[in-house]
Amino acid sequence: MRSIKSILSLLAVAAVLWLAISPVAASPRDEVREAPQAQSNLLTNGSFDADINGWATWSLPPSGGDAPCTRRTPTYQRATEGRRVQAGSGSIQLLGAPQSSGDTGGTFFAGIQQTVNVTAGKKYKFTVWATSWFSTGDNPAVSEGTGSTNIQVGIGQGATYSADPNVTRSGLVNAKDTFQQLNVEVTASGTQLTVFTYANPDSCAKHTEVFFDSASLTEVGAAPTAAPNVTPPTAGPTSPPPRALVGKLPIPTPNAEGKVIFTMPADVTIIDICFSLDRGNDPKCIDDIMKMNGLTNAKFISIGQKLIIATVAAGSQAQPTAAPTATQPQPTAAGGAQPTAAPQATTVGTKVPGAGAICVTLYNDANGNGVLDAGEGLVKGGSFSLLDTSNSAPVASYTTDGVSEPKCFDNLKGGNYRVSSVVPAGYRATTRDVWDLTLASGSTANLEFGAQSSGGTTSTTTNDTGGGNSALTRALLAGAGVVLLLVAAGVAGFLVLTRRR
């Protein structure tokens with residue numbers, strides 16, 4: 001009798017163990033129930049627990065020069081240290097580290113972006129948590145000796161780019177040492193939206209690190225059919241209304257030295273001046289004006305202050321205007337040189353007034369993380385094609401040589417374009433291979449495409465969402481359960497035979 005009870009006990013224990021690790025516990029119905037939150041958040045990898053997968057990076061090009069503080073391209077990497085993570089196991093870090101022992105560090109204007117499919121006419125809310133360690137000291141818990149980190153978020157209509165002037169942005173925040181939540185809402189005019197994060201630390205420091213975490217894009221309802229009949233609340237001192245451009249300003253004629261001197265009126269910024277010079281989408285415009293006037297901070301400008309905003313050849317009577325023509329050159333802030341219309345540093349060949357450019361790079365994504373990291377070179381033999389989607393007309397094509405990239409398709413009019421890439425044999429794409437964007441007149445879009453050599457171990461994507469238990473792992477565990485049953489049966493048989501003796 002005791003032998004029978006022992007047999008039954010062993011069989012029961014083995015059955016329980018087998019059921020606990022059987023594939024039945026990971027049925028499709030259970031997998032759907034395990035991740036209900038993913039159904040409301042339209043973003044891929046909003047938690048950043050899977051590195052930067054699903055996101056693209058963007059940044060303004062380095063400002064260069066010999067100045068001690070310059071704009072650089074930050075390093076993008078995953079952070080896991082506790083104070084740098086808002087929730088989950090990781091966040092994305094933008095790092096502007098010094099490049100040598102005597103380097104004072106560099107600033108950046110950069111962020112990340114992701115395009116998602118949405119329903120036209122619905123309202124969507126983009127939310128991100130952000131913080132930074134922006135410090136001249138070495139205490140990782142305290143930011144000291146620095147100004148503002150200038151962090152914000154935005155949503156653009158369609159598959160657009162970060163400098164698109166039509167992106168709806170939140171207010172700027174100076175998030176340091178503790179996470180702050182930023183959000184912005186828009187009503188979708190089409191079937192796609194692109195979300196952006198922005199970070200533009202206002203100075204250089206020993207430690208310039210910005211962190212983003214817990215990003216989500218959720219539907220918050222349909223757009224209202226009529227404005228509600230309520231009195232809008234008065235903005236408090238910490239929530240000023242969005243500032244609009246003041247419109248085209250009258251530009252003075254050059255003086256005898258070829259300098260265009262502008263006297264600052266009230267409520268006008270350098271951005272307004274750049275807009276009036278038709279350089280509103282040129283990221284170098286503010287830098288040029290600041291250099292010509294020896295300024296270190298574009299915000300510290302007073303009413304009545306006289307600024308050099310452009311130069312022309314000495315003695316020239318050319319009048320700077322906001323709408324240049326082929327016979328009337330538009331001055332720029334490039335000191336001492338004869339200006340040309342709508343200059344773009346990354347374009348090549350003869351410039352067309354008001355033309356823009358799309359610059360592409362195919363890089364060797366050695367670690368497969370979808371980000372151009374330091375030390376990763378270029379890839380030869382890939383191809384790009386550019387299509388004008390407004391009329392489905394091919395514009396240009398290019399084959400990479402692995403040396404001269406980025407390649408800029410220049411002299412482009414503002415409009416909608418599609419860039420398609422094909423990686424060479426022996427590589428696989430690690431980023432999107434097709435990029436649709438709206439190019440603003442006179443602007444430059446920089447797109448980076450990753451390719452990883454497939455000569456090593458092949459990575460296979462599965463549909464598993466069970467927190468790391470792949471189908472193979474579950475099969476092995478189920479097999480272990482069967483083995484336990486067999487062992488239990490063998491022990492039981494041994495006890496019976498022993499009992500009979």
Side-chain angles (χ1 to χ4, degrees), residues 32 35-47 53-58 111-128 152-171 181-198 212 214-230 232 241-242 244-245 280-281 356 358 385-395 412-421 431-443 445 447 449:
V32 172
Q37 187 176 1
Q39 298 174 5
S40 59
N41 185 1
L42 300 178
L43 297 177
T44 299
N45 186 29
S47 65
N53 296 337
W55 295 84
T57 62
W58 69 268
I112 55 177
Q113 66 183 75
Q114 185 175 147
T115 301
V116 297
N117 295 324
V118 296
T119 302
K122 297 287 188 179
K123 182 181 288 187
Y124 295 87
K125 181 178 182 179
F126 176 43
T127 300
V128 169
Q152 65 182 162
V153 297
I155 305 179
Q157 301 288 345
T160 185
Y161 60 102
S162 59
D164 184 345
N166 297 314
V167 171
T168 301
R169 301 193 192 186
S170 68
Q181 188 183 60
L182 298 89
N183 59 74
V184 63
E185 295 183 8
V186 301
T187 298
S189 60
T191 58
Q192 285 188 317
L193 292 175
T194 303
V195 299
F196 300 93
T197 69
Y198 298 83
F212 294 106
S214 302
S216 67
L217 180 69
T218 56
E219 180 186 329
V220 294
T225 56
N229 187 22
V230 295
L245 292 174
N281 293 314
I358 298 176
S385 59
L386 181 64
L387 178 75
D388 186 341
T389 56
S390 61
N391 55 17
S392 299
V395 178
L412 300 177
K413 65 181 181 179
N416 298 316
Y417 294 91
R418 174 173 297 166
V419 179
S420 301
S421 67
T431 61
R432 66 170 73 181
D433 55 2
V434 176
W435 203 309
D436 291 337
L437 73 156
T438 301
L439 183 69
S441 178
S443 65
L447 307 180
F449 296 78

I'd like to check the ring-ring contact (aromatic ring centres under 6.0 Å, His included) partners of Trp58; sequence neighbours left out, ordered by chain and number.
Phe109, Tyr198

Going by the rule side chain to side chain contact (heavy atoms under 4.5 Å, CB included), which residues pair with Gln192 if we only count those two or more places apart in sequence or in a different chain?
Thr115, Asn117, Ala159

Leu412 and Leu386: CA distance, side-chain angles, deciding distance, side-chain contact (heavy atoms from CB on, under 4.5 Å) verdict
CA-CA 11 Å; Leu412 300 177; Leu386 181 64; 3.9 Å; yes

Shortest non-hydrogen separation from Thr127 to Lys125 and the atoms involved
OG1-CE, 3.7 Å

Could you check whether any side-chain heavy atom of Ser47 comes within less than 4.5 Å of a side-chain heavy atom of Asn45, counting everything from C-beta outward?
yes

Hits for side chain to side chain donor-acceptor pair (under 3.5 Å) against Thr168, two or more places apart or cross-chain, chain-then-number order -> none

CG/Asp164 to CD1/Ile155 distance, rounded to the nearest 0.5 angstrom?
13.0 Å

Non-neighbouring partners of Phe449 that pass ring-ring contact (aromatic ring centres under 6.0 Å, His included), sequence neighbours left out:
Phe384

Between Ser420 (side chain) and Val434 (backbone), is there a donor-acceptor pair under 3.5 Å?
no

Shortest non-hydrogen pair, Ala445 vs Leu437, comes out as CB-CD1, 3.6 Å

For Gln157 and Ser189, indicate whether the former's side chain and the latter's backbone hold a donor-acceptor pair under 3.5 Å.
yes

Let me confirm one number: the OG1-CG distance from Thr438 to Asn416, rounded to the nearest 0.5 Å.
4.0 Å

Tyr161 and Leu447, any side-chain heavy atoms less than 4.5 Å apart
no

Applying side chain to side chain donor-acceptor pair (under 3.5 Å), can you list everything that pairs with Thr431, at least two apart in sequence or on another chain?
none

For Arg418, what residues pass the salt bridge (Lys or Arg N to Asp or Glu O under 4.0 Å) criterion, not counting sequence neighbours?
Asp436

Contact summary for Phe126 and Ala215, nearest pair of heavy atoms
CE1-CB, 4.2 Å

Set of residues satisfying side chain to side chain contact (heavy atoms under 4.5 Å, CB included) with respect to Ala56, sequence neighbours excluded
Gln113, Trp435

So, using side chain to side chain contact (heavy atoms under 4.5 Å, CB included) as the criterion, who are the partners of Thr119 when residues are at least two apart?
Lys122, Tyr124

Residue list, side chain to side chain donor-acceptor pair (under 3.5 Å) with Thr197, at least two apart or on another chain
none

With sequence neighbours excluded, residues passing side chain to side chain donor-acceptor pair (under 3.5 Å) with Ser170:
none

Quick one: do Leu43 and Trp55 satisfy side-chain contact (heavy atoms from CB on, under 4.5 Å)? Show the steps, please.
CA-CA 9 Å; Leu43 297 177; Trp55 295 84; 3.9 Å; yes

Asp388: partners by side chain to side chain contact (heavy atoms under 4.5 Å, CB included), with sequence neighbours left out
Ser390, Asn391, Val395, Lys413, Tyr417

Among Leu217, Thr44, Leu42, find the one that has a side-chain contact (heavy atoms from CB on, under 4.5 Å) with Gln114.
Thr44

